[in-house]
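Because the structure is a prediction, the values reported are computed rather than measured.
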Number of protein chains: 2
Amino acid sequence: MHNAYIYVNPIIAFSMLSAYIADMDRTTNLLGALALALTDKMGAELKDIFDRSGETAAAVIVIGYVPGISVQILRQVLDLSHPGTVRVADRLEEDGLVERRSGLDGRTVALHLTRKGTIMRKKLMMRRLDMLEAALEGITTNERGVLADLIAKVLTNLPETEMGKHRICRFCNVQTCSDCPIRGHAI
Amino acid sequence: MHNAYIYVNPIIAFSMLSAYIADMDRTTNLLGALALALTDKMGAELKDIFDRSGETAAAVIVIGYVPGISVQILRQVLDLSHPGTVRVADRLEEDGLVERRSGLDGRTVALHLTRKGTIMRKKLMMRRLDMLEAALEGITTNERGVLADLIAKVLTNLPETEMGKHRICRFCNVQTCSDCPIRGHAI
DNA sequence: AATATTATATGCATAACGCATACATATACG
DNA sequence: CGTATATGTATGCGTTATGCATATAATATT
């Protein structure tokens with residue numbers, strides 16, 4: 001038994017190839033535009049309620065998930081230098097959103113949200129979800145399902161390290177993100 | 001003729017509603033995670049070949065599309081203050097990627113890419129597309145088409161102003177982005 | 001007990017911005 | 001024509017966010 005070849009007119013073959021490449025590039029490019037536009041919007045929305053860098057806002061979310069997290073671990077999730085992360089903690093403390101408590105180990109610091117920090121965290125998450133929900137306006141329920149599955153597929157390609165998984169999810173609303181495609185990222 | 005009502009067990013109805021909301025939230029949240037992860041990756045990739053802020057890299061792309069663009073217009077696309085944009089131009093000139101020429105109007109400056117700038121622009125675009133292509137690994141051709149259409153739909157929701165359209169497309173590879181969902185954004 | 005490791009913090013430098021302002025050119029108007 | 005206003009660009013200065021080098025404190029190792 002041998003392979004079956006199908007004769008295709010070269011002109012048609014070329015146009016098929018072109019269409020294939022064009023389609024690829026279109027998806028590729030659109031994906032980039034989407035990411036950029038949404039991140040811009042997210043930044044603007046968050047800045048509106050918390051006038052600090054994006055990573056500082058992310059820290060609020062992460063500390064809320066992992067009360068008592070150390071600067072060292074937070075550093076890895078935020079992908080900052082250690083001094084950079086210490087300064088993030090300084091800013092959050094200064095803003096009254098976070099307090100440093102003593103960790104189990106005498107060296108470590110346990111970061112905890114204050115009451116104000118918890119409220120801010122809720123605001124940040126709501127604002128993020130509202131923005132994203134608005135972006136999805138006009139997408140039907142069925143389309144949402146399809147889109148979610150495709151995004152989930154793309155997301156599995158992205159993390160390069162174990163910590164990268166936590167990093168991707170650093171702004172997520174874990175309670176509503178059932179069936180997270182980035183598996184095993186509980187810190 | 002009156003409306004037809006279908007009896008649904010309240011428990012089932014509630015679970016349907018929950019599933020509906022959960023599905024919505026899942027899509028919403030995943031969309032946010034995707035945007036964040038891709039933007040992170042993009043930033044890292046671009047920094048690898050051009051160690052300047054994201055907006056500075058974007059300026060290279062935009063100036064390439066609109067040779068002779070003024071600081072004033074560039075400012076709006078990058079969403080920076082005027083002084084901020086002047087400094088972007090300073091940095092690019094310092095790096096030998098851009099040169100200031102005199103515009104038609106004696107007040108305006110015409111920004112042009114140098115040869116080095118044109119090469120850098122190609123590198124930046126290639127790097128971006130390669131990254132995005134890698135993110136799409138494992139997505140079939142059919143799925144790509146579906147994804148592209150859904151992204152296109154979402155993208156139409158995003159720009160709030162006329163200039164916002166240009167802004168969203170500031171990193172795009174226009175040559176391969178056939179059928180741009182952000183209509184009428186030629187500068 | 002001395003040394004190495006780990007966690008945190010600080011001094012200092014730099015990049016990337018914005019606001020206020022200065023400067024140059026163009027336009028409008030009396 | 002000349003003056004006032006608008007427009008485009010540039011600069012001084014301050015602030016935020018960040019990294020590198022280094023200091024300090026606590027723990028672990030030998």
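- Scanning residues 81-94 of chain A for heavy-atom distances under 4.0 Å to DNA chain D yields A:Ser81, A:Pro83, A:Gly84, A:Arg87, A:Arg91.
- The distance from atom CG of A:Leu31 to atom CE of B:Met131, rounded to the nearest 0.5 Å, is 7.5 Å.
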Can B:Glu99 and B:Thr114 be said to form a side-chain hydrogen bond (donor to acceptor under 3.5 Å, both in side chains), step by step? CA-CA 6 Å; B:Glu99 55 184 28; B:Thr114 60; over 6 Å; no

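- Neither OP1 nor OP2 of D:dT16 sits under 4.0 Å from any side-chain N or O of A:Arg52.
- For the pair B:Arg127 and B:Phe50, the cation-pi test (distance below 6.0 Å, angle within 45°) is failed.
- In this structure, A:Arg100 pairs ionically with A:Asp90, as a charged nitrogen and a carboxylate oxygen lie closer than 4.0 Å.
- Taken to the nearest 0.5 Å, the CG atom of A:Asp79 stands 13.0 Å off from the NE2 atom of A:His166.
- Ion pair B:Asp40/A:Arg170 flagged as a salt bridge, since at least one NZ, NE, NH1 or NH2 atom sits closer than 4.0 Å to an Asp/Glu carboxylate oxygen.
- With no hydrogens or angles considered, a side-chain donor-acceptor pair links B:Asn29 and A:Arg128 at under 3.5 Å.
- Rounded to whole angstrom, the span from the CG atom of A:Asp95 across to the C1' atom of D:dA17 amounts to 14 Å.
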Would A:Asp149 and A:Arg144 satisfy salt bridge (charged side-chain N to carboxylate O under 4.0 Å, His left out), going step by step from the backbone distance to the final call? CA-CA 9 Å; A:Asp149 290 344; A:Arg144 275 170 184 265; over 6 Å; no

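- Counting to the nearest Å, the P atom of C:dA16 and the CG atom of B:Leu78 are 13 Å from each other.
- Using a 4.0 Å heavy-atom criterion, one finds that A:Arg75 contacts no nucleic acid atom at all.
- The distance from atom CD1 of B:Ile73 to atom C1' of D:dT9 is 14 Å, rounded to the nearest whole Å.
- Between the CG atom of A:Leu80 and the C1' atom of C:dA9 there is a distance of 16 Å, rounded to whole Å.
- Along DNA chain C, the nucleotide nearest to A:Val71 and the one nearest to B:Glu55 differ in position, and the one closer to the 5' end is contacted by A:Val71.
- Atom CG of A:Asp51 is separated from atom P of D:dT15 by 14 Å (rounded to the nearest Å).
- By the 4.0 Å N-to-carboxylate-O rule, A:Asp95 lies close enough to A:Arg52 to be salt-bridged with it.
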Between the protein and nucleotides 27-30 of chain D, which nitrogen or oxygen pairs come in under 3.5 angstrom?
residue: D:dT27; atom: OP1; partner: A:Gly106; partner atom: N; Å: 3.0

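- For A:Thr108, the listed nucleotide lying nearest its side chain is C:dT8; candidates were D:dT9, C:dT8, D:dA17.
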